[in-house]
Amino acid sequence: MRPALRLALLAVLVGCGIALVLVLQQQRARAPLATTWTSAFQVLGTPLKLADRAASRVLPIGEVDEAALGDVYLASFDSRYDGASREQRYVDSLLEELRPYAGKSFDYRAYVVDYPSPNAMALPGGVILVTRDLLTTLHSESELFAVLAHELGHIERGHCFDTVRFELLTRKVGAEPIGELADMAAGLLLRHSFSKTMEHEADAYAYELLTHSRYDPRGVGLSFRSLQQYETRLGAAQAHASGPLRDYFTSHPPLAIRAAEYTARADAWWTQHPAERRYVGRRNLAALVALDRHELRDEWTGAEPGPGAGQ
Amino acid sequence: MFDLLLLVVLLWPVLAIVLILMVRRWRRQQREALEDWSLQVDRLHDRVARLERNLASLTPAVTPTVTPQPVPEAAAAVAVAVPAETPAAAPVPEPVGPALEEQRPDRGWRDVFGFEPAAQAPATTVVTEQEPTATQATLEEFTSRRRELERRFLENWTGILGSVVVVAGVTFVGIYTALRLAPFYRFLMTLAVAAAFLAASFVLARKESWRAFAGWLRSAGAAILLFACAAAGGLPGLGLQWITEPVPALLVLLVGIGANLGLAYAGGTQVAATLHVLLSLLPLAIVPATSVSFALASVVTGFGVALAARGRWDRHLGIVLGAYAIFQFEWVARTGVAFADDTLRYLVGGCAALVFAAAALVHYRKDYAQPEPPRLQVGVHLLNWAALAAALFAYLPSPRVRGAVLIAAAVLAYRLARRAQVLQLQWLRRADLLTAQALALLALLTAFDFEVATALVLWLAFAETLAFRWLVPRGDDDVLELVIDALPPLAGLCLILCGAGQWYLAGFDAASMVALIGSTVLAVLGQRLLAAPLAAGRDPPDDDDLRSLATAGGLLGVESGVLAVAALGLALERPWLEWAALGIVGLLLGVIVTGRERVGLRIGVAIALVGAHCLAWSAWLREAPWVAWPLAQRVLPLAALAGFGLWALRSGWQRSVTLVLVGLTAGAAAFLFLDPLSYLAPSVAWLVLSLLALEIANRRTGPDARIVLGLGLGYLAAFIGAYALVVVQVPVYVGALNARLLVELFALAVFAYWWVFRPRPEMADFAAWRVAHPLFVELILVAAAVVVVVEVPAQWWAVGWAVLGLGLLSPAASRWLDERTRLYSLLFYWASIVDVAVVLSSFEVPSLQWYERGELLALAAIGLQIGYAAWSHRALRLQGLTIPRPVSGLASLAERVGARRNLYVYYPLFAGIAVFLYWRFDRSVLTLLWAAEAFVIFGLSAWLRENQFRYVALGALAACLARLVLVDMAEANLAVRGIVFIGVGLLMLGMNAIYNRFRARFEA
């Protein structure tokens, strides 16, 4: 390369770098965490999870089998289903709102369960569990919708059954009775979380779903923020002590990162869709009445967050 | 077990006695046996002699005609074997020693038969004569030693022990008589015994042979006298006290002491003098501890010291001074609260000082002039000075007075050392100079009484050691030079430790900091002082010369930097830290610029620079986030310091260190200035810095270029680290613009610039460049893959990998990057296939729009994969690729793929598509879809003229037909079954048409 050309290229690159810094300083963005290995491990874990999935596909258990497994869960949870409960009816309404986005042909059902913390879980075959505390921890219907969408993402993207399949593969078990399989899968999924990569995929799924829905995409980020506030109230929100070992073994990405990422994405989405109106449903959640039952005019928000958009 | 041990411990005397008796008995038995054997040997000799005589009388003519012959083997065997039988024939005792064992078997018979050659006879004779000679020598030596021991015992220890025994006996008698006589009479009786001893000694002293014994008798008498005098005044419990008033008692005691001191003088020997002086001190240690008793003890000791002047009585001097020191310990312990009285302390201090000062003068005599004095002599001298110093330090109550007196003592010692030099007492000069130094340092310790900071005291000590070095002219006393040279670095080390302790425990302290700064200055001056001789008459010593570095000057040079760091450490939390660093370290740099003797200083400066920078960075990072202007006020002085360092350090590794510090400061400053603006900005700045470093490295030469290149690579590493830990966490949108993506693209551009950069030959030869630069292709590709994973939604990854694969397969990639990109294109292609088969086969997109469905993206990816496979048929040339060593494992992959391309390129694609179809679509249409895939493969075989694909396609078609019949006929509903059959049939017709149309291709 000729020196003049090289210097010109250097000048262009340096100029680009300076310009980039100038662009960046407009946002004055702060990192959610000073440092963390979580995101790096998540990226590095992508090929490993791909290998996991490829290995699990060796077992010829398909969607039909997952649906059969789901039927077992449905039969089990139906016995405890309280259709008269306001919480249950509210969650059922939101699930109806979600159902059109599902690509798999499962009979999706959500159950409100008593559990001493705000949480939600997904089981193979289209079963979603929502704890009662979650309904009081979140601040708006869009947030709850985002959480349900997140669990739906686990099922839709095959995380539940991939995990079960991989467990079966590692245990080298053959054809087991469906009941035993269901017990094993439930125990596995309730005890152990999905991987960071799977959580990230489910987050992305939820965000994507909300952008296509009637709800405010900010709901994803705000739901994580609500959970973060809950942990703070509980005193369990230790300052995220980053360390390679700790970050490697943690199953979920830190809530601070998840909240910041999806808040930023939602803000960018609003920038691209300034004319859009989306529903927040803060009072809907408080009253446990879903949007399709009772629409509140002031719960609609625009690019500038309305009164119901945040906390 | 314990009981057994206890028993052994208790009964050991009995056991020892029994053991001794057993040994003695055994030895007696051995002796008797030996005597018995000797008797039998003598008898045997007699018999042999008789036989010889008989033989001589019987055969007088035979002997001369017999020629001596060597003993035949058989005869020798007999000769050896016969003695074993001999005891049976005639009882012969067992041989006593080896000599006899060798001689006896042959000698008797040979002598008897006359076969022994005449020449051999003396051999046995010599052996028998040597044995008693060696034994005699041993015996004589043993006797000599025994006599010497006896002589010594008789000459010395009998006297001493005898005196002690006599005194003990008289004591017992005194105690006994205490039951019977009044104290005064007991006193008189004791005096009478003493007088008897003395009288006997005078009588015996007239005879030469009894003179020594008489001397000991005299000493014993004097001791008894002293005992009686002391007891008369009040030794408790002995019953000899008849005086109750202290003054008379003291006078009586003085009489005893005087008598003993007189005998000490009159004895004329060292032993006698020592004994009587010690005896004189003993009662003074028993009587009540008052100033009088201390003064008397001092007088007694002083007299003992004066006696030492009669000859080279160093043992006497040492014992007397040691006893005096012990006396003082005992006296102080008994004094108790009274010792708090200042007057008393001054008094005893004065007494002790007089005694020890007097003792110090003993050695200043001509007869002590010798090059290598005995250790005892030196030890006594040093002990005396140490005792003097300790006495002054302990007794003088006022710190001022104590300090002044100690300094005066130091001056005195120094003056005496000068005197010793005049007298050519080299060892004395050494001892006194070291003493003077020790006294001066001890005097400085009194500063603690004025609550002066430790660092300040140590600074004074540092200054004193340097002043001492300056005062004492250099000589040829290696030991002295070594010690005096070592003291300043040692003081500097203490200051460093003190500074570190202060920093760790208490933080900022103005006095300590001033002391440490002053120490830095002193260290520089000291370095000049101590390094000057190194530079005299030759080139200035360099830091590379380890021998020069290990000298006191070199060490002080190094310490100057460490002291500067210690001083700055105290100011860690102060806003003027960097200015202080500029001042202190700048001073050191200035010295280097102006000085000639720089040994150690350059290392010190490097340490100071590193320390100052580390402290500053630490302070900056702890106080982040920063506002620009306050930060600039702190960065600028440090930058100025670094710039000054670069100017001052023109060469050497210290310059390289400074250059590294400059680079690191730039990186740190970029972070601190830009992080408050955006957490992504520092990483961009580091990329820009890496570009600038690369350009500068290309323009510089030598080590500078190497360091700057390393800095450039370091900036890249910093970016990668920051990306992994910070940047990748969340995206940043400026409006709708993903700024993180911009950063990533900028990084890719920078990596590409590094890759296409062609340095000048010198830089291209740097190890860092040769190792790192070839891997930039891999870096770029990994970065591109990371960007795809981080920024692209998962459903697009398969497409992304396929596009990357195609891009890398292109000639442009080979030209701009490297030819090995073709191999990497295959990896991306495989990734795309796996993604389609594993991920997209079950990937659901939550969108109601048809064009956002995962199936379409999978089809797009498959299309790109087919395109890659087709293009690779022509473009994937993997022969002759240059693979860098760290990824050399890929070379074998390239060889394999090059050898069996279809296996590695096409069949993964076919399998991936089949799997995708299996997982993605309903089983009812699976046969149709797989048949369609077989159709595509068939067409591909015609296009690429690969007959094996045709076989694969036909095989797959056969499998589809089998599935059609065996599975679909049974499971699928009628409509689907019909569609599948129609579809498969149409595909088969299509294949037939293709075959007929391109028959030539297939047959070719």
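In what follows, chains are A, B, ... by sequence order, proteins preceding strands, each numbered from 1. From a predicted model like this one, the values you see are computed outputs, not experimental measurements.
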Minimum-distance pair of heavy atoms, taken over all atoms of B:V743 and A:L20: CA-CD2, 3.8 Å
Looking at every heavy atom in both A:C16 and B:F746, which two are closest together, and how far apart are they? CB-CE1, 3.9 Å
Using non-hydrogen atoms and a 4.5 Å limit, figure out which bit of B:L687 sits close to chain A: side chain, backbone, both or neither. neither
Quick check on B:V915 against chain A: is it the side chain, the backbone, both or neither that has a heavy atom closer than 4.5 Å? neither
Best-contacting candidate, A:L10, A:T211, A:L152, against chain B by heavy atom pairs under 4.5 angstrom: A:L10
Should B:L677 and A:L24 count as side-chain neighbours, where that means a heavy-atom distance under 4.5 Å? no
What are the two closest heavy atoms between A:E261 and B:P731, and how far apart are they? CG-CD, 3.6 Å
Can you tell me if CH2 on B:W755 sees more than 12 non-hydrogen neighbours from other groups inside 6.0 Å? yes
From the list A:Q272, A:E201, A:E208, A:H200, the residue making the most non-hydrogen contacts under 4.5 Å with chain B is A:E208
Any heavy-atom pair between the side chains of B:Y753 and A:L9 that's under 4.5 Å? yes
Side chains of B:R758 and A:R6: does their closest heavy-atom pair fall under 4.5 Å? no
B:V734 versus chain A, heavy atoms under 4.5 Å apart: side chain, backbone, both or neither? both
Measure B:A785 against the heavy atoms of chain A and call it side chain, backbone, both or neither at under 4.5 Å. neither
Nearest heavy atoms of A:G17 and B:V684, plus distance in Å: O-CG1, 3.4 Å
Test side-chain contact (heavy atoms from CB on, under 4.5 Å) applied to B:V782 - qualifying residues, sequence neighbours left out: B:V786
Pair count under 4.5 Å, heavy atoms only, with chain A: among B:D675, B:V750, B:V790, highest is B:D675
Closest contact, heavy atoms only, B:V728 versus A:A40: CG1-N, 4.1 Å
As an exercise: rank A:I257, A:V23, A:L44 by heavy-atom pairs under 4.5 Å with chain B and give me the winner. A:I257
Sort A:E156 into side chain, backbone, both or neither according to what part of it lies under 4.5 angstrom from a heavy atom of chain B. both
Given that the side chain runs from C-beta out, which part of A:A204 has a heavy atom under 4.5 Å from chain B: side chain, backbone, both or neither? neither
Pick from A:I18, A:V43, A:L22: which one has the most heavy-atom pairs with chain B under 4.5 Å? A:V43
Main chain of A:L33, side chain of B:Q729: is a donor-acceptor contact present, judged purely on distance under 3.5 Å? yes
Nearest 0.5 Å please: distance from the CH2 atom of A:W269 over to the OH atom of B:Y733. 13.5 Å
Tell me, side chain or backbone of A:R265 under 4.5 Å from chain B's heavy atoms, or both, or neither? both
The interface call for A:L13 against chain B, heavy-atom contacts under 4.5 Å, is both
Backbone N or O of B:E844 within a donor-acceptor pair of the A:R157 side chain at under 3.5 Å? yes
